[in-house]
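Report on one structure; see the data block that follows.
This is a predicted model, so every value here is computed, not measured. Residue numbering restarts at 1 for every chain, and letters A, B, ... go by the order of the sequence lines. Side-chain atoms are counted along with the backbone in the values below, which use heavy atoms only and exclude waters and symmetry mates.
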Number of protein chains: 2
Amino acid sequence: MKAIDKVFKALADPSRRELIDRLHAKNGQTLGELCKGLDMARQSVTQHLELLEDANLISVRRVGREKLHTFNPVPIHEIYERWIRKFERGRLDALSNFKAKLERK
Amino acid sequence: MKAIDKVFKALADPSRRELIDRLHAKNGQTLGELCKGLDMARQSVTQHLELLEDANLISVRRVGREKLHTFNPVPIHEIYERWIRKFERGRLDALSNFKAKLERK
DNA sequence: GATATATGCAGTCAAACACCTGCATGTCAA
DNA sequence: TTGACATGCAGGTGTTTGACTGCATATATC
């Protein structure tokens, strides 16, 4: 499976997007920390995190008996650059008009 | 299911993203047209299109015996605004610095 | 060492997904 | 009106997903 496909798949689930949001708000959280308030079993959270890791959206390091998670924004940038940006053509044009106007001053 | 969830789900499949790409390249294509080159049965394509329509990513109108499809960029804009943009903070800051510099001139 | 805590591993299960086939209906055109 | 064409509808199937439970292992703390 292509890397970009994994990212889109990973983002398809609301629980996983919430996990990303939480890590973006506070990086380095443990598995246990991430479980709190996510009304589902620890194992389910683990599975979601594995999927996110496989899509390179988070990275993991062990410290003692704890597992610390870090959000990686690169794949989301790539999705934006390679796929979403082309649908934002209008806005990009607006920006380049803005620049052009300034250069004419 | 929340509207934004439907959009993410709809984007999770590569075939559906290809359909969007194709409609973005050329709007108003019929079902038959969209089937060509998409190595799968017509019914499968229909299902994908239904899902895209449900996510409001395309709209459909009938003309005679044909079904014409039109791409709607709004949900993708919304995903960008409501979810992706916050991870692009660095770039946004760069833009506002750019503006600030200009205003100081 | 004993106990509590954090996470890992294996297996189960229902529902959703992504595909298919066969037949039906509706529309255009000769 | 009849034949060709575009799409719709119903139902079937194998795989993946998203959740669970129970038990195992590793690490910190007393």
Step by step, would you call B:H24 with A:F87 a ring-ring contact (aromatic ring centres under 6.0 Å, His included)?
-> CA-CA 8 Å; B:H24 181 239; A:F87 304 123; 4.7 Å; yes
Check the distance between C:dA18's P and A:F8's CZ and give it to me in whole angstrom.
-> 14 Å
Picking from D:dG18, C:dG22, C:dA18, which would you name as closest to the side chain of B:Q43?
-> C:dG22
Which whole-number value in Å describes the distance from B:L51 CG to C:dA18 P?
-> 7 Å
Please state how far atom CG in A:L49 lies from atom P in C:dA6, giving the value in whole angstrom units.
-> 16 Å
Inspect the contact between B:E18 and B:R22 and indicate whether a charged nitrogen and a carboxylate oxygen are less than 4.0 angstrom apart.
-> yes
Between NZ of B:K9 and P of D:dT16 the distance, given in whole Å, is 17 Å
Should A:F71 and A:I76 count as side-chain neighbours, where that means a heavy-atom distance under 4.5 Å?
-> yes
I would like to know whether A:Y80 and B:I79 meet side-chain contact (heavy atoms from CB on, under 4.5 Å); could you show each step before the answer?
-> CA-CA 10 Å; A:Y80 174 67; B:I79 279 192; over 6 Å; no
How close or far is atom C1' of D:dA6 from atom CG of B:L34, stated in whole angstroms?
-> 13 Å
Does A:S44 put a side-chain nitrogen or oxygen below 4.0 Å from OP1 or OP2 of D:dC20?
-> yes
Which sits closer to the 5' end of DNA chain D, A:D39 or B:H69, going by the nucleotide each is nearest to?
-> B:H69
Report the nucleotide, chosen from C:dC19, D:dG8, D:dC20, that has the shortest atom-to-atom distance to any side-chain atom of B:R62.
-> D:dG8
Does the C:dT7 base have a donor-acceptor partner in the side chain of A:R65 within less than 3.5 Å?
-> no
Picking from D:dG8, D:dC5, D:dA19, the nucleotide nearest the side-chain atoms of A:M40 would be D:dA19
Send over the distance from A:K67 NZ to C:dC9 C1', rounded to a whole Å.
-> 12 Å
Quick one: do A:D21 and B:K86 make a salt bridge, cutoff under 4.0 Å?
-> yes
For D:dT17, take OP1 and OP2 only and decide whether either is under 4.0 Å from a side-chain N or O of A:H48.
-> no
Looking only at N and O atoms, is any donor in the side chain of A:R42 or the base of C:dG8 less than 3.5 Å from an acceptor on the other one?
-> yes
Take atom CD of A:Q47 and atom P of C:dC9, then tell me their distance rounded to the nearest Å.
-> 12 Å
Nucleotide D:dT17, atom P - distance to CG of A:D54 in whole Å = 11 Å
Candidates C:dC19, D:dG8, C:dC17 - which lies nearest the side chain of B:L31 | D:dG8
